[in-house]
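Read through the structure below, which is laid out as structure tokens, and then see the notes.
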Amino acid sequence: MKGNKNSSQLEVWDHTRIEAKWREVWSKASLYEPDLNSAKKPFYNLMMFPYPSAEGLHVGNMYAFCGSDIYGRFQRMKGNDVFEPIGLDGFGIHSENFALKIGEHPMELSKRTEANFYRQLHMIGNGFAWDEKLETYDPGYYRFTQWIFVQLFKSGLAYRGKAVVNWCPHCLTVLADEQVIKQNSKQTSNSNNQKSEVAAEVEVCERCGTEVERRELSQWFFRITNYAERLLENLDKIDWSEKVKVAQRNWIGKSDGAKVMFASDIESNALIEVFTTRPDTIYGVTFLVLAPEHPLVTTIIDKANGPLQQQIRDFVDYSLKKTEAERIGTKTEAKKGVKTQEKTGIFSGFFATNPLNGEKVPIYIADYVLMTYGTGAVMGVPAHDERDFLFAKKYELEIKPVILPKEEKWDFSHSAFTGEGVLANSGQFDGLTTGEGIQSVIKYIKENQIGAYFATWHLRDWIISRQRYWGPPIPMIYCERCAGDGKSWFTISGPVSTFPPASAQSGQKTNGNWLKSADLRAVGNPSSTATRDENLDWDHAGWYPVPEEDLPIELPFVKNFKPTGSGVSPLATNADFVNTKCPGCGGAAKRETDVSDTFLDSAWYFLRYPSVNVNSKFEIRNSKIPWDREVTRRWLPVDMYIGGAEHAVLHLLYSRFLTMVFYDLGLLEFEEPFSKFRAHGLLIKDGAKMSKSKGNVVNPDDYIRKFGADTLRCYLMFCGRFSQGGDFRDTGIEGMQRFLKRVWRLATNSKLQTTNSKINGEAERMMHKTIKKVTEDIESLDYNTAIAAMMEWVNFLEKKIEVKSEKSKVVSDKKAMNNELLTMNEIETLLLLLAPFAPYMTEELWQSIVKRQTPNAKRQKFESLHAQAWPEFDENKIKSDRTLLIVQVDGKMRDKVEVSVGLSKEEAEEAALKLEKVAKYLKNGKYRAIYVPSKLINFVTSNK
RNA sequence: GCCGGGGUGGUGAAAUCGGUAUACACGUCAGACUUAAAAUCUGAUGACCGCAAGGUCGUGAGGGUUCGAGUCCCUCCCUCGGCACCA
């Protein structure tokens, strides 16, 4: 029997009807809900959850989601229990700014955008586990965000400190360093009456693009710097996109070197600690430089005499102002760069002593030395550092070479030699190479207690507070009375070590040192503490975390949620919220009114998903922990995480940090949250970035309505390599619809043999070749070439049965002779391979053509295509006994000839020489042949 | 400046253990079907020369290695992203 019973219904591919039907059937059958408690082969397939923007789902979101879903569907068909959760990252400045713009309260706005976003996310055809959805603004969720803050506070990893911080004058809040991005803005400047383009770099807010300012404020910080070393080292152990690893390495920014103490005559015992990455150049020190903010500068001004005192004071004032000006209107000319930038400084009138050779060198104050890096003091080695060289030239300081280039001659009066070489003029270290010199000098200064190995980091502590409304209130209470008495949670609750480490209960080892009250910085890696927080005043007197049983501290409805700009959150205006009782003394106290950074909401959501509907039996201090230990053990870490590379040093770094903290607190059994991470590329439109200002943002709704989600999915994946991004063009999507229509027609074709007759020969080879290609390409996320391979196979199948000519009524005699029937095996395989890409259409065809049944929504159980086993390929069936031999003469392809596989060189030569196109080049008979078995033969006639 | 992507037809892009460059698709042109259009189908489509057979050139530029280079090496250019007065 051929064809199918209900072909009338199948003649038209009515994507809207089909997609709605299968959504309902799949949902009723809980097709995408794995058994979280007992799944045998758990596979956690995650895509970064979206901001539910009020404009709705962006086609770029859909691009990323579909790419992730294809991988998940593939894993499901490979026999895994796939968990693909979805939620909304709805708290935060982004949503709040939009609410402000349109004058709607975020609490109401979020309800609207949530409904719209979820509607759209239902449409795209992903196998989401909807039962476990979560929203970061749900009190049931942020209760735990607050709980996490409390745990960090109790562990000494959350502290309040005063520091110069980034301030966004538009968002009216502080920002973490990671949330400030450098932006190149081309500015035209008029110099010498000539207009020239100067590339200026400005620091802007990651959210709104406004240039940031600096303010000195007291803020809550997370001590991520304690984890710098582990965050860096673990990168080698995880399977992540290289570019994201590189970005994290850069951001963490470790520099190995040494701290060296220089004695000075500023006052007795005034040691100046310098940081250098080149201790081997220490004999070449001819001056010392302090940053204008360096603590000793105040002493210098105090002690200075005569006009010098005022000069130094003026210089320091000028430098600090200039730094500020630079930060606001940075005029660093990118092209010229660091090297030529003028170095300004002033002699302090004091001298320091080189601890290695006893030489006295002048101490300068200069603004090219930054207080925020290293120790804020630098040893000037003009012979071997470009900046020191420029400074020395300007102030006519001695240039003393101590490293000689191994081969060439170097003119030290002309420029600094910064490469590696051999030590000279360095006393006992003469003759050593740079590498040996560094080691020897470090050993020497350590033995003589004048210094030690030291690493400097770029990473800074994470500023958590935001002076905004739309976020989880930071669950802290401040009691003035206790502050006056020097009391805090730490003094009332006794040693922090009473906080029960879960690992102690489960008898498991943790990596971190457990806390003692004396060492509040113990969690993480104390040796990696960066410099800035050394200078923060961390005064926790008067501070108490909200008792855990009182969580969540719900965000109250505040009518005027507009940020105040005065350094406090709009919550401060709500007296009912602010006034509370002190957990320590029971007296009147005030709540913290800042909310936490939105990146804290998203730094742990993946831990929550599997436990959303599970009540954890595990408690800490009468408070349930945010995840169930059993479920978490089964599902985490995330097996495959897909997302944008723009979060390389934001979300991806914060998540790793928190996971390590939870591991150290014994709350988790792994320290890396995402075993495998792949960054997807950027989807652009007609060659240009999509942006609201350009008005070229594509909303998927219209396309889904017109072409169906299946077509859009396939088209998005066909635009280019998933890791590289793609270019969305309206003409391209029509081509993809043509392809799916052809698949539809092929499957519903009357020539479809319903008996399971065997296929063989070329047809079998094509099938196995396609299975192999599609399988391997999905594994490596090369979806574009997987689709191309299926297209090639469909082209082949159409030719095979001449389905096209049947329609057009033109049948060439030659082709009619080859007319074969399509087998059920081929159609089944095609539908299976295409299933992850076009889930709706393939399910419809599978049920009606293969299973010959059309389940309706009422049926609970059915055998979905998406629960079928992924087709296997047989390498032997891909091999052919005939092959095309490429024939070259002097490396140029002249002809090709079909031969049997495995032929000898002699046989290949013989076959090739029969070819006229080849023979004519070899008339004189002088040649030698190079043979690549069964592939290619190259006749070389020249004498080479 | 350092680090990491990338540069291939008219367009989106394939092909990197060195071995047919441009798969797949879009677009364009021609044709079939049609009163016509749409849809669908067939064919052509890197450039240049040529009626053709065929030939020459061709993967950002220039060198090199090799029988053979998009692929490896060297020197550059452009572009996107990360870091950067980082000592």
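What you see is a predicted model; the values in this text were computed from it and never measured. Side chains are part of it too, since the values below use all heavy atoms of this structure and drop only hydrogens, waters and symmetry mates. All chains are named by letter (A, B, ...) in the order of the sequence lines, taking the proteins before the strands, and each is independently numbered beginning at 1.
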Check: When the P atoms of B:U40 and B:A52 are considered, how many whole Å apart are they?
Finding: 33 Å
Checklist line | Paired nucleotide for B:C76 [Watson-Crick or G-U wobble; both distances under 3.5 Å] | finding: B:G60
Checklist line | C1'-based separation of B:G70 from B:G18 [nearest Å] | finding: 11 Å
Margin query: Please report the distance separating the C1' of B:A36 from the corresponding atom of B:C24, rounded so that it comes out in whole Å.
Written below: 34 Å
Notebook entry, point to check: Do the side chain of A:N250 and the base of B:C83 come within less than 3.5 angstrom through a donor-acceptor pair of N or O atoms?
Noted result: no
Next item on the list: State whether the distance check finds a donor on one side and an acceptor on the other, under 3.5 Å, for side chain A:Q888 versus base B:G19.
Entry: yes
Checklist line | Spacing of the P atoms in B:A14 and B:A53 (rounded, Å) | finding: 33 Å
Note to self: Using atom C1' in both nucleotides, what's the gap between B:U20 and B:C76 to the nearest angstrom?
What the structure shows: 31 Å
Notebook entry, point to check: Does B:G43 adopt a syn or an anti glycosidic conformation, taking syn as a chi angle within 90° of 0?
Noted result: anti
Check: Mind checking who B:A53 pairs with, Watson-Crick or G-U wobble, both distances under 3.5 Å?
Finding: none
Check: Quick one: is A:Y921 getting a side-chain N or O under 4.0 Å of the B:G55 phosphate, OP1 or OP2?
Finding: yes
Next item on the list: Please measure how far the P atom in B:G7 lies from the corresponding atom in B:A61, and state the result in whole Å.
Entry: 13 Å
Next item on the list: Determine the interplanar angle of the A:W240 and A:F677 rings, folded into 0 to 90°, and report it as parallel if under 30°, tilted if 30 to 60°, perpendicular if over 60°.
Entry: tilted
Next item on the list: Inspect the contact between A:K799 and A:E762 and indicate whether a charged nitrogen and a carboxylate oxygen are less than 4.0 angstrom apart.
Entry: no
Next item on the list: Could you work out the separation of B:A37 and B:A30 based on their P atoms and round it to a whole Å?
Entry: 13 Å
Next item on the list: Starting from the C-alpha separation in whole Å, work towards a yes-or-no answer on ring pair (Phe, Tyr, Trp, His ring centres under 6.0 Å) for A:Y364 and A:Y395.
Entry: CA-CA 10 Å; A:Y364 276 74; A:Y395 295 95; 5.8 Å; yes
Next item on the list: Would you tell me if any nitrogen or oxygen in the side chain of A:K892 comes within less than 4.0 Å of OP1 or OP2 on B:A21?
Entry: no
Next item on the list: Take atom C1' in B:G12 and the same atom in B:C17, then report the distance between them in whole Å.
Entry: 29 Å
Check: Rounded to the Å, how far apart are A:E206 CD and B:G81 C1'?
Finding: 16 Å
Check: Does OP1 or OP2 of B:A87 have a side-chain N or O of A:S255 closer than 4.0 Å?
Finding: yes
